[in-house]
Amino acid sequence: MARMEDRAAQRWQEAWARAGLTTAYRDPDRAKFFALIAYPGASGFLHVGHLRSYAYMDALHRYHRARGEAVLFPFGLHVSGIPTVAFARRVKARDPVIVQTLEDAGVPPAVWPTLEDPAAAARFLGEEYRRVLRRIGALVDERTYVTTIDEDYQQFVRWQMRTLHAAGEVVQGSYFASVCPVCGPLAVDPSETDLERGGDAEILRYVLVPFRLEDGRVLLAATLRPETIYGVTNLWLAPGEELVVWHHGSGEYLVARPGGERLVEQHGGHLGHAVPAAELVGRPVRVPLLDRPVPVRASRLVDPAIGTGVVMSVPAHAPADAAALAELPAAEREGVPPPIVLLEIPSDAKLSSAEGALVAGEGTPAERALRATGAKSLADTVALDAATERLYRIEFVRGRMTVPPLAGVSVRDARERVEQQLTERAGALALQEFSKPVICRNGHAVVIRKVTDQWFLRYSDPEWKARTRELAGRIATWPPEYGRELPGIVEWFLDRPCARKGPWLGTPLPMDPAWIVEPIADSTFYMAYFVVRRFVSSGRIAPGQLSDAFFDYVFRGQGAGEPSVPAALQEEVRSEFLYWYPLDINMGGHEHKSVHFPVFLFAHVRLVEPRLQPRQIYVNGWITGSSGAKLSKKEVSSKGGRIPPIDGALERWGPDALRLYYVHAASPSADVEWSSEAVDSARARLDEIERLVRESRGSGAGPPELDAWLLSRMHRVLVRVRAGFDATDLRPVAEEVYVGVPSLLRRYYARGGVPGDATDRVGRAWTLLLGPITPHLAEEVGAGRFPSLVALERFPDPADFAESTDAETREEYLDRVEADLRAVQRSAREPGASADVAFFIAAPWKAAVERWMRELLARGETPTVRAVMDRAAQHAEMAAARAAIPRYVQRVGPLLRSEPDAGPPALEEHDVLREAEGYLARRFGFTSVAVYREEEAGPHDPLGRRERSRPGRPAFYLLPPAAGAAASGRPPDR
RNA sequence: GCCGGGGUGGCCGAGUGGCCAAAGGCGGCAGACUCAAGAUCUGCUCUCGCAGGAGUUCCCAGGUUCAAAUCCUGGCCCCGGCACCA
């Protein structure tokens, strides 16, 4: 069945394409809507998670089209950088995970070898993505399709880089890049597309402090806390370690070999002969800045692979140093000065209880931390690491220096100052290092190398930044919180490398073609290029004609344009650009919040005039796996995976159930854990809706008041649906269209309505409402009801459906009555067993009394019995009720406060209930329904229930069935 | 530490002063339909109550108010980013 439906879906998709919906056109008489999804990267096959944003975006485009706007929904593929190269490499290696996805996607093994070439893989994946988008019914403009390695796109990127360069925003400087000494530069990235492991490594920045031996050679100690120089009591080397001499300038530095190699990468120089640690242990070195002698000692705490293999010992503040000293034989401890406390936590610092426990008690901070965490020796690595991490953190955030030159200075500031002094006066150096080993795909250790001619985009440029921050502060965002964050992100944005050297896909940097423009930098302004691309793909402009002059003219209105392009054509492109721009929405996942979206704003600020700046950024959540993490390839698999691959999902549920699921599952910016069950239920809901829409056609005639109610409610549905779409908030839209309307119709039928003119009108409008989110279903149920395609129809207008306050008031009143009946039935011993009901409509005086009481409340007075009675005395018609008023005032008084001040409904309760008798009998299984006015109900109300009646809330008396009839327990039915 | 969010019923998730014991969904229970199952439909799903009511709830503790999930103060905890740090 699913397969059949899938075929039907395909038929509609073809019909849309034939109707020209996959080609945008400009219409100067109409408003336009231009919105897109941030380029997906071509790293493999799409899975069900990727389609969420497309479902959203397509629904928005379809809505805007139905509102009569010209829409442009472009699609292109980002293949720059490493992911596509990595994909091709994994195909070549026949990586089992990749092989599985190839099989799932139905790619015949004969094709696999062609995917071993990155450019071919990129083209292949692009076609694959387009096929999937068609299959879910997304109406993307076919002529915009482009990949970032197409010749015309590269022309565009070259223009962009040259323009930024000319504006002084592309500069060269030095940079520490991650490099495999064998394979070349690569990206250290958690996705590890290029790495075997270590993708989550961070780059640490050590300060290398020179400690001079009496013979002039220097031990270079690596530290992350240079301010602790004031507390150094000795140096540590690893026992048995072999140091090497690093010759740099005129100096001879002693360091462990791994650190020496890093130093050569980052500072040059060369490594000389080896020096055993044993030769150095016991000798004195001088602490720079302080010129104080301290001894060298050996301890197993030192890992020669980390830093320089030379460690400053600060036993007062480093738990590990304290533990190491304690392990030293007494003889060796001789000559090591006592711990020096160099900072303290001010007594008035606000500490959490955990922090307080760590720094409480006697002894040095390190001793206290050891005590608090229970770390006994260097062997307790877990406890020791905890002690170190927690103490460092508290001291850094809260600590104040106590040693003379810096007394009172915060540790944060002291660190900066000490580093500066060490660098200027003592010749300290910096060393960058990964926090954990990083291994490339070919098994080599990755290093950090200093690159002196790195190309940067100068995002720190104050003028550029200021203008971008201004845009960031006013651009619309979804969710709105992101808009509050965005200016800060822009503010802190640093210069970014914008090109790399390496075997990557992308555009050579025009100023220096040995460099490839980096993947973030080549996709900041491409939204504009989509407009031009439509002329290239239709053959009207050749890639070779896309000169700088052409782009200057089209995007910036500068110069005379490209001579080889006819002026009229060039003018057409320019108008087209000015028509579609500014971009209405750029939509992308969280991962774009701190990089892509900011640089997208930067680029626009620099390249186009203010009126063309983008209007909205839309951050959508992910579909996540069971752990809440992004879907992994392992989870998405036909074999053993919990989540079906895309084609499988489309076959199983059809495109619309998926689309509804995406839109309805959660707030768009929230992550949602994938749930097949939820898609099942979306599927079931659509089946029910299809039935209801089909049933809505008929020739019956229902009660006219009921029809009025239905149409009036539909009016409100339309108002809310349009508001939701206009605010790009689709979840409430889905709520109305897929939950609200069905329950509306069900209620209509239950109340005695029949398919006829009213339901037909609702059915037609509803079909149109279904269009944006579930377009295939809309076409199915719309066939024969509309002249051609539903997708070509105008969105329904609330004005087409008359509001009727009377009708709605009446139904609300009945709702209220039903709720009361149910409440009583619920609390009764035998629920649902009532046989007869008698209603008592409140006497008219009650409405007057309630009105008076409200007036008193409104004046801030308490509605006392006396006040009401005084007033009643002036009204002759109230005389008969005098005895009942006090009790009524007392009962109703407290209730009025919490009830809305709407007053009693404007309707004739008696008539409404009489008309609803049949309905209530069916609904509650009553054998008879009677309605009386309170003042004439005496004989029918042996228990005096009629007194309970209030205006708008009739009292009633439920009569249990006669003993014999009770057993039947006739259930309610519609 | 800074910036931005957040803590709601078995679960997900709406809700920012008053028909809120709190939408909707999921899950659960009961019934209708069915030979049966599924689907669908109806009702219920904090506690108590043989009459439409009462009690106690929206992380915790205070406060403002006639009225607080919603506002204020303090606390605990969680998430994202940056910074910082092993």
Side-chain angles (χ1 to χ4, degrees), chain A residues 202 204-205 224-225 306-307 318 320 352-353 384-398 410-412 415 435-436 479-489 491-494 590-591 593-595 619 628 664-667 669-673 675 677-678 680-685 687-688 691 731-732 734-736 738-740 743 746 749-750 812 816-834 857 860 862 894-902 923-924 943 945 948-950 952-958 960 969-974:
Chain A
E202 295 170 58
L204 304 180
R205 194 167 170 285
L224 295 160
R225 304 179 78 192
I306 295 175
S352 72
S353 50
L384 198 58
D385 286 351
T388 303
E389 183 171 346
R390 286 164 60 190
L391 181 61
Y392 278 20
R393 183 166 194 92
I394 296 172
E395 291 190 338
F396 176 73
V397 170
R398 312 281 189 197
S410 77
V411 169
R412 192 185 286 260
R415 179 167 301 173
S435 58
K436 56 167 76 169
E481 303 86 85
Y482 178 57
R484 289 195 273 281
E485 230 178 317
L486 196 51
I489 296 174
E491 180 62 34
W492 290 108
F493 217 83
L494 301 173
H590 314 303
E591 69 275 22
K593 284 184 357 190
S594 55
V595 181
V619 182
H664 193 50
S667 203
S669 48
D671 290 348
V672 174
E673 192 182 315
S675 156
E677 294 74 30
D680 284 340
S681 93
R683 178 67 263 165
R685 187 181 297 279
D687 291 339
E688 157 84 352
R691 209 194 75 230
R731 205 158 105 101
E735 199 72 44
E736 288 291 335
Y738 298 88
V739 181
S743 68
R746 278 198 288 272
Y749 293 130
E812 277 163 26
R816 178 73 248 184
V817 171
E818 285 179 60
D820 282 348
L821 285 170
R822 282 203 198 93
V824 173
Q825 282 194 333
R826 203 182 309 131
S827 66
R829 249 202 191 140
E830 295 176 73
S834 321
L857 275 174
T862 309
L895 299 175
L896 283 182
R897 280 192 199 281
S898 61
E899 288 176 6
D901 193 3
R923 186 89 179 179
F924 290 84
L943 297 183
R945 300 265 197 240
R948 286 199 66 86
S949 64
R950 291 182 56 196
R953 292 189 67 173
F956 50 82
Y957 173 38
L958 286 176
R970 228 191 114 200
D973 188 14
R974 66 173 162 117

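Lettering follows sequence order; numbering is per chain, from 1. We use all heavy atoms of the structure for the numbers below, so side chains are in, but hydrogens, waters and symmetry mates are not.
Here A:E736 pairs with A:R720 under the salt bridge (Lys or Arg N to Asp or Glu O under 4.0 Å) rule; sequence neighbours left out. Considering only residues two or more places apart in sequence or on other chains, A:R816 meets the side-chain contact (heavy atoms from CB on, under 4.5 Å) condition with A:D820, A:R953. Applying the salt bridge (Lys or Arg N to Asp or Glu O under 4.0 Å) rule to A:R225 yields the partners A:E227, A:E395; only residues at least two apart in sequence or on another chain are considered. By the side-chain contact (heavy atoms from CB on, under 4.5 Å) test, A:R685 is found to be paired with A:L660, A:I689, A:Y738, A:V739, residues two or more places apart in sequence or in another chain being considered.
When the C1' atom is used for both B:rG25 and B:rG13, the distance is 8 Å, rounded to whole Å. Taking the P atoms as reference points, B:rC44 lies 15 Å from B:rG53, given to the whole Å. With both ends at atom P, the span from B:rA14 to B:rC82 equals 25 Å, rounded to whole Å. With both ends at atom C1', the span from B:rC78 to B:rC59 equals 11 Å, rounded to whole Å. Distance noted for atom C1' between B:rG4 and B:rC11: 27 Å (whole Å). Rounded to a whole angstrom, the distance from the P atom of B:rC77 to that of B:rC60 is 15 Å. If you take atom P in B:rA68 and the same atom in B:rG17, they sit 14 Å apart, rounded to whole Å. A distance of about 16 Å separates the C1' atoms of B:rG55 and B:rC20, rounded to the whole Å.
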Might you list the N or O atoms of the protein lying below 3.5 Å from N or O atoms in nucleotides 2-5 of chain B, with each pair's distance?
residue	atom	partner	partner atom	Å
B:rG5	OP1	A:R484	NE	2.5
B:rG5	OP1	A:R484	NH2	3.0

What nitrogen or oxygen pairs link the protein and nucleotides 9-16 of chain B at under 3.5 Å?
residue	atom	partner	partner atom	Å
B:rG13	O2'	A:R731	NH2	2.8

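Checking A:R948 against A:L494, the closest nucleotide of RNA chain B that is more toward the 5' end is the one next to A:R948. Heavy-atom distances to RNA chain B give each of A:L943 and A:S594 a nearest nucleotide, and the one nearer the 5′ end belongs to A:L943.
Within 4.0 Å of A:R685, counting heavy atoms only, lie sugar-phosphate atoms of the nucleic acid but no base atom. Base contact: A:A955 has a heavy atom under 4.0 Å from a base atom. Backbone-only contact: A:R822 has heavy atoms under 4.0 Å from sugar-phosphate atoms and none from a base. Across all strands, A:P954 comes closer than 4.0 Å to base atoms (heavy-atom distances). A:R816 comes within contact range of at least one nucleobase, with a heavy-atom separation under 4.0 Å.
Here the side chain of A:R953 is nearest to one of B:rA39, B:rG24, B:rG52, namely B:rG52. Nearest nucleotide to the A:L958 side chain, out of B:rA39, B:rC26, B:rA51: B:rA51.
Across A:F924 and A:R822, no two heavy atoms sit closer than the pair CE2-CG, 3.8 Å. In terms of heavy atoms, A:R731 sits closest to A:H664 at NH1-O, 3.1 Å. Heavy-atom minimum distance, A:L224 versus A:R205: CD2-O, 3.5 Å.
Remark: P of B:rC41 and CZ of A:R691 are 7 Å apart, rounded to the nearest angstrom. Rounded to an integer number of Å, the gap from A:D820 CG to B:rC19 P is 16 Å. The distance between atom CH2 of A:W492 and atom C1' of B:rA83, rounded to the nearest whole Å, is 8 Å. Across the protein-nucleic acid pair, A:L486 atom CG and B:rG80 atom C1' stand 15 Å apart, rounded to whole Å. Whole-Å rounding puts the A:R945 CZ to B:rG52 C1' distance at 10 Å. One interatomic measurement links the two molecules: CD of A:E735 to C1' of B:rA23, which rounds to 7 Å at whole-angstrom precision. Atom CG of A:D680 and atom C1' of B:rG27 are 14 Å apart (whole Å). In this structure, the NE2 atom of A:H590 is 9 Å from the C1' atom of B:rG80, given to the nearest Å.
Base-pair partner of B:rG31: B:rC41 (Watson-Crick or G-U wobble, both distances under 3.5 Å). Nucleotide B:rA54 forms a pair with B:rU47, judged by Watson-Crick or G-U wobble geometry with both contacts under 3.5 Å. With a cut-off of 3.5 Å on both Watson-Crick or G-U wobble distances, the partner of B:rG9 is given as none. Partner assigned to B:rG1 is B:rC82, using Watson-Crick or G-U wobble distances below 3.5 angstrom. B:rU16: no Watson-Crick or G-U partner with both key distances under 3.5 Å is found in any strand.
One finds a side-chain N or O of A:R746 lying less than 4.0 angstrom from the OP1 or OP2 phosphate oxygen of B:rC41.
Using a 4.0 Å cut-off between a side-chain N of Lys or Arg and a carboxylate O of Asp or Glu, A:R683 and A:D687 qualify as a salt bridge.
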